[in-house]
**Student:** 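Take this structure, written in structure tokens, and hold onto it; I'll ask about it next.
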There are 2 protein chains.
Amino acid sequence: MESKRDILNNLLVVLFNNILTIEEKALKTGDFKNLTISELHVIEAVGLEKAPNMTRIANRLGVTVGTLTIAVNNLVRKGYVQRVRDENDRRVVKIGLTDTGEAAYRHHEAFHDDMIEFVIRTLSDGETGVLVEALSKITLYFEEKYGEGIQ
Amino acid sequence: MESKRDILNNLLVVLFNNILTIEEKALKTGDFKNLTISELHVIEAVGLEKAPNMTRIANRLGVTVGTLTIAVNNLVRKGYVQRVRDENDRRVVKIGLTDTGEAAYRHHEAFHDDMIEFVIRTLSDGETGVLVEALSKITLYFEEKYGEGIQ
DNA sequence: AAAAATACTTTGATAATCAAAGTATTGGGC
DNA sequence: GCCCAATACTTTGATTATCAAAGTATTTTT
């Protein structure tokens with residue numbers, strides 16, 4: 001008999017290990033086959049704020065600004081984002097989504113919405129509450145134990 | 001007020017997006033700083049079975065066998081795994097953990113055990129049941145919707 | 001006005017990844 | 001028993017992701 005521990009561990013391992021693959025698969029079902037999962041996460045970070053600068057995005061994603069520069073170069077080339085020099089402080093580069101970028105952002109958002117919608121539809125109110133509670137605790141646990149890996 | 005939907009979405013995004021970073025951070029606290037997170041996942045896959053072959057591991061990890069060959073080359077060089085030709089079918093290469101590999105496997109296992117231990121300690125029996133139920137449903141949902149991305 | 005700090009880009013290196021081509025071995029059909 | 005197809009793996013060539021460190025431009029501090 002598999003213990004509750006083992007079951008829980010397996011679930012978390014499978015979910016965590018496969019979520020990126022799944023996200024990528026979902027992405028490739030849309031009109032955005034030329035986006036990688038990393039690039040999508042840049043688009044996600046840009047879409048969540050209005051015109052964030054490079055440092056802000058890099059921190060959010062947990063990568064260096066140099067790494068982000070390269071990703072943004074490619075996204076500009078592919079037509080998903082734009083660079084805009086800040087006129088107040090000309091060192092700063094703000095990143096915005098193009099119309100195509102907006103569309104990609106919404107396509108990915110729909111992936112999340114569907115997932116959440118499914119969970120809420122499937123579980124009772126009480127169960128959803130417990131799930132939120134449990135995930136909050138796990139997040140908090142990671143935060144305390146491993147610090148700024150998580151924002 | 002943030003809706004239950006938004007809270008749940010944020011939790012899942014934060015957990016999913018950061019789990020690899022966190023796992024890597026946990027890894028680097030041990031004696032295995034020269035392992036990357038991908039290499040660790042190979043070690044994990046090898047440790048879960050007795051001497052799996054290349055194809056088996058590659059399928060489990062969702063990468064091509066070519067990709068795995070390179071990872072195994074590096075892991076052999078670093079002394080974590082061994083290649084053993086199958087004497088019954090000499091096309092087959094079975095992969096096993098060295099003693100160092102075993103140690104790395106157990107160190108990573110401890111990371112999982114701690115996490116699970118925390119969850120079980122923190123939640124009531126009923127709550128843990130709901131969590132398992134909810135995660136099972138999410139996994140199933142992904143499986144149905146996106147097929148073999150998940151095993 | 002010089003020096004230090006900040007924001008970003010570039011460079012050089014390594015790792016992860018795939019598809020496709022190549023090598024070795026096995027199994028099936030005749 | 002021999003050939004051909006299939007299988008298991010490795011190699012190759014290309015792309016992407018990543019970092020640290022060096023470089024450039026601009027702003028802030030002294």
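Reminder, nothing fancy here: chain letters follow the sequence lines and each chain counts from 1. Here the structure is a predicted model, which is why all the values come from computation and not from measurement.
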**Student:** Please state how far atom CZ in B/Arg77 lies from atom C1' in C/dA15, giving the value in whole angstrom units.
**Tutor:** 11 Å
**Student:** Round to the nearest Å and state the distance from B/Asn73 atom CG to C/dT17 atom P.
**Tutor:** 14 Å
**Student:** Which pair of heavy atoms, one from A/Val93 and one from A/Arg83, lies closest together, and at what distance?
**Tutor:** CG1-CG, 3.7 Å
**Student:** Whole Å only: how far is the CZ atom of A/Arg91 from the P atom of C/dT6?
**Tutor:** 9 Å
**Student:** Honestly curious: do B/Ile120 and B/Val130 fall in one hydrophobic cluster under the side-chain, below-4.5 Å linking rule?
**Tutor:** no
**Student:** Would you indicate, yes or no, if C/dA15 has its OP1 or OP2 atom less than 4.0 angstrom from a side-chain nitrogen or oxygen of B/Ser38?
**Tutor:** no
**Student:** Between A/Glu39 and A/Asp86, just flag the one whose closest nucleotide in DNA chain D comes earlier from the 5' side.
**Tutor:** A/Glu39
**Student:** Count the heavy atoms of every other residue, nucleotide or ligand shown that sit under 6.0 Å from NZ of A/Lys33, and state whether that count exceeds 12.
**Tutor:** yes
**Student:** Grab the CD1-C1' distance between A/Ile37 and C/dT17 for me, whole Å please.
**Tutor:** 14 Å
**Student:** If the plane angle is over 60° it's perpendicular, under 30° parallel, otherwise tilted; pick one for B/His108 and B/Phe111.
**Tutor:** parallel
**Student:** Report the residue from A/Thr98, A/Asn34, A/Asp99 that forms a side-chain hydrogen bond (donor to acceptor under 3.5 Å, both in side chains) with A/Tyr80.
**Tutor:** A/Asn34
**Student:** How are the rings of B/Tyr141 and A/Phe118 set relative to one another: parallel (under 30°), tilted (30 to 60°) or perpendicular (over 60°)?
**Tutor:** parallel
**Student:** Taking all heavy atoms of B/Leu61 and all of B/His41, pick out the closest pair and write down the distance.
**Tutor:** CD2-O, 3.6 Å
**Student:** Expressed as a whole number of angstroms, how long is the span from B/Asn53:CG to C/dT25:P?
**Tutor:** 17 Å
**Student:** Sorted by first residue and then second, give each salt bridge (Lys or Arg N to Asp or Glu O under 4.0 Å) pair with at least one member in residues 66-80 of chain A; sequence neighbours left out.
**Tutor:** A/Glu39-A/Lys78
**Student:** Rounded to the nearest angstrom, tell me the gap between atom CG in B/Leu35 and atom P in C/dT14.
**Tutor:** 18 Å
**Student:** Atom CG of A/Asp89 to atom P of C/dT6: distance rounded to whole Å?
**Tutor:** 12 Å
**Student:** Identify the 5'-most and 3'-most nucleotides of DNA chain D with at least one atom closer than 4.0 Å to a non-hydrogen atom of chain A.
**Tutor:** D/dT16 to D/dT27
**Student:** Would you jot down, in residue-number order, the residues of residues 61-71 of chain B having a non-hydrogen atom under 4.0 Å from DNA chain C?
**Tutor:** B/Gly62, B/Val63, B/Thr64, B/Thr67, B/Ile70
**Student:** Any link between A/Val76 and A/Leu40 through a network of hydrophobic side chains (Ile, Leu, Val, Met, Phe, Trp, Tyr) touching at under 4.5 Å?
**Tutor:** yes
**Student:** Please report the distance, rounded to the nearest Å, between CG in B/Asn74 and C1' in C/dA13.
**Tutor:** 15 Å
**Student:** Once you apply a heavy-atom cut-off of 4.0 Å, does A/Arg85 come out as touching a base, just sugar-phosphate, or nothing?
**Tutor:** nothing
**Student:** Report which part of the nucleic acid B/Arg56 touches: base, sugar-phosphate, or nothing (heavy-atom distance under 4.0 Å, all strands).
**Tutor:** nothing
